[in-house]
Amino acid sequence: MKPSAGRWCLAGALLWAALALPPVRHALESAMTLHMLVQIPLLALAGAWLAQGTPRWLERSLAAWNHRGISGLLLASLAGLAWMLPLALDAALNDPWTELAKFLSVPLLIGAPVALSWPRAGFVVRGIVLLELIATMLRLGWLYLISPERLCSNYLLDDQQRLGRMLLVIGFAVLLILVWKLMWGHVGGHATHDD
Amino acid sequence: MKVLRTLLASLLLLAAGLAVLAVATHGFRAYTSETARRIDIREHPRTVPSTPLQTADGQRTSFGELRGRWLLVDFIYTRCLTYCSVQGSEFARLQQELAGPIAADKVALLSISFDPARDDPTALADYQRRHGDRGTGWIAARPVDRAGLAELLHRFGVVAVPDGIGGFVHNAAIAVVDPGGRIVAILDWNDWQAAAGYVRRSLRS
């Protein structure tokens with residue numbers, strides 16, 4: 001733990017608690033766009049901040065199973081996949097247990113593993129994760145934009161189409177940033193000696 | 001060592017992740033809650049609650065009283081001006097198509113309002129008239145109390161959300177309830193042929 005870690009950890013806990021406040025929760029779940037592009041990413045961010053407080057012994061034992069961050073990033077991808085299913089969003093609204101599962105799994109199974117794994121990942125692993133992320137945003141965005149039917153029973157069609165447009169915009173923006181960094185910056189992190 | 005452990009951890013995570021996804025998606029068959037509801041009801045029929053209802057002629061009835069015949073049920077609100085207003089004509093069409101089994105008291109059609117505050121018996125009767133009700137076998141009703149409405153919507157898996165311009169958007173469908181009072185199928189709201197065919201087949205077998 002670095003000296004500033006305690007503060008990050010506290011910030012993560014406060015963010016998590018703030019997102020769980022009923023008025024905030026209802027506001028961020030009132031639209032599909034807010035639910036997917038604000039609430040879930042902020043929950044992941046809370047988890048990433050919380051992970052800064054991981055004690056050194058735990059970090060070391062996790063790292064022994066997390067060569068180049070592969071296991072952690074795989075875990076985050078699988079959890080992310082689950083929360084991208086339209087039926088998962090519906091279930092989070094209609095069933096309190098699913099909502100609880102979301103509030104626990106997004107920080108702990110997406111945000112925290114990404115925070116612990118990304119610094120260990122090299123160029124290839126980062127490249128794969130980023131390309132898959134971009135491809136997923138473009139695919140989902142396109143699907144939401146063109147689907148004539150509502151994919152979530154709780155949300156309106158125009159909301160779904162707005163989310164589709166925003167996913168396309170964000171997907172292309174990340175792609176542009178990535179291309180920019182590939183040409184003029186660096187993506188790979190520092191190749192740490194790692195076995 | 002570390003590489004092998006990572007491989008092992010990744011394989012375990014992948015297996016666990018796929019197992020969770022398989023359960024959540026009914027074996028990778030459902031990605032939306034509407035599909036999941038249809039699969040779930042088809043494979044695990046649900047008992048309808050005996051919610052008290054008030055019909056368009058002001059009488060009381062309930063699912064309990066309607067047992068013993070096949071029911072085709074849809075959820076409506078009478079002010080609907082968009083696609084759900086077509087639900088009424090679909091039911092009028094079904095009424096005509098199933099006139100025989102209806103006359104034999106083997107089938108009944110039931111439209112339930114999820115907006116009971118506005119849909120009083122007058123509004124319900126007007127809704128049926130507007131869509132060409134032929135007089136027998138089509139009941140329009142509203143739940144008598146809020147708790148009954150919530151229970152019905154939950155059991156049928158109906159979600160109605162405000163559309164922002166004073167109306168609602170909902171997952172319209174035609175639900176099939178068997179003579180034993182179990183919801184056995186959810187069919188497309190705009191496919192009266194499929195609903196009529198389902199009932200005919202069930203009556204034959």
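Just so you know, these numbers use all the heavy atoms, side chains as well, and skip hydrogens, waters and symmetry mates.
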With chain B, the option among Leu81(A), Leu157(A), Leu75(A) that has the most non-hydrogen atom pairs under 4.5 Å is Leu75(A)
Take atom CG in Leu21(A); do more than 12 heavy atoms of anything else shown fall under 6.0 Å from it?
-> yes
Answer yes or no: does atom CE of Met84(A) have more than 12 heavy-atom neighbours from other residues, nucleotides or ligands under 6.0 Å?
-> yes
Do other residues, nucleotides or ligands put more than 12 heavy atoms under 6.0 Å from the CZ atom of Arg60(B)?
-> no
Given Arg150(A) and Val161(B), is the side chain to side chain contact (heavy atoms under 4.5 Å, CB included) satisfied, shown in steps?
-> CA-CA 12 Å; Arg150(A) 296 181 308 132; Val161(B) 288; 4.1 Å; yes
So, the part of Leu74(A) with a heavy atom under 4.5 Å from chain B: the answer is side chain
Asn94(A) portion near chain B, given a 4.5 angstrom heavy-atom threshold | side chain
Which atom names give the shortest non-hydrogen contact between Leu78(A) and Gly17(B), and what distance separates them?
-> CD1-CA, 4.2 Å
Grab the two heavy atoms, one from Ser153(A) and one from Asn171(B), that are nearest each other, plus how far apart they are.
-> OG-ND2, 4.1 Å
May I ask you to name which of Val159(B), Leu18(B), Leu8(B) has the most heavy-atom pairs under 4.5 Å with chain A?
-> Val159(B)
Take atom CD of Glu149(A) as the centre, draw a 6.0 Å sphere, and report whether it contains more than 12 heavy atoms from other residues, nucleotides or ligands.
-> no
Keeping the roles fixed (side chain from Arg5(B), backbone from Ala64(A)), state whether a donor-acceptor pair exists under 3.5 Å.
-> yes
Would you give the length of the straight line joining atom CH2 of Trp65(A) to atom CG of Leu12(B), rounded to the nearest 0.5 angstrom?
-> 8.0 Å
Is Thr6(B) reaching over with its side chain to a backbone N or O of His67(A), donor-acceptor style, under 3.5 angstrom?
-> yes
Asp159(A), Ile70(A), Asn154(A): which one forms the most heavy-atom pairs within less than 4.5 Å of chain B?
-> Asn154(A)
With a 4.5 angstrom heavy-atom cut-off, could you sort out which part of His170(B) is near chain A: side chain, backbone, both or neither?
-> backbone
Is there a side-chain contact between Leu85(A) and Leu21(B), using heavy atoms and a 4.5 Å cut-off?
-> yes
Closest approach of Leu87(A) and Ala36(B), non-hydrogen atoms and distance?
-> CD2-CB, 4.3 Å
Chain A contact via Ala16(B) - side chain, backbone, both or neither, heavy atoms under 4.5 Å | neither
Taking it one step at a time, do Leu13(B) and Ser71(A) satisfy side chain to side chain contact (heavy atoms under 4.5 Å, CB included)?
-> CA-CA 8 Å; Leu13(B) 286 171; Ser71(A) 324; 4.1 Å; yes
To the nearest 0.5 Å, how far apart are CG in Asp95(A) and OG in Ser33(B)?
-> 12.0 Å
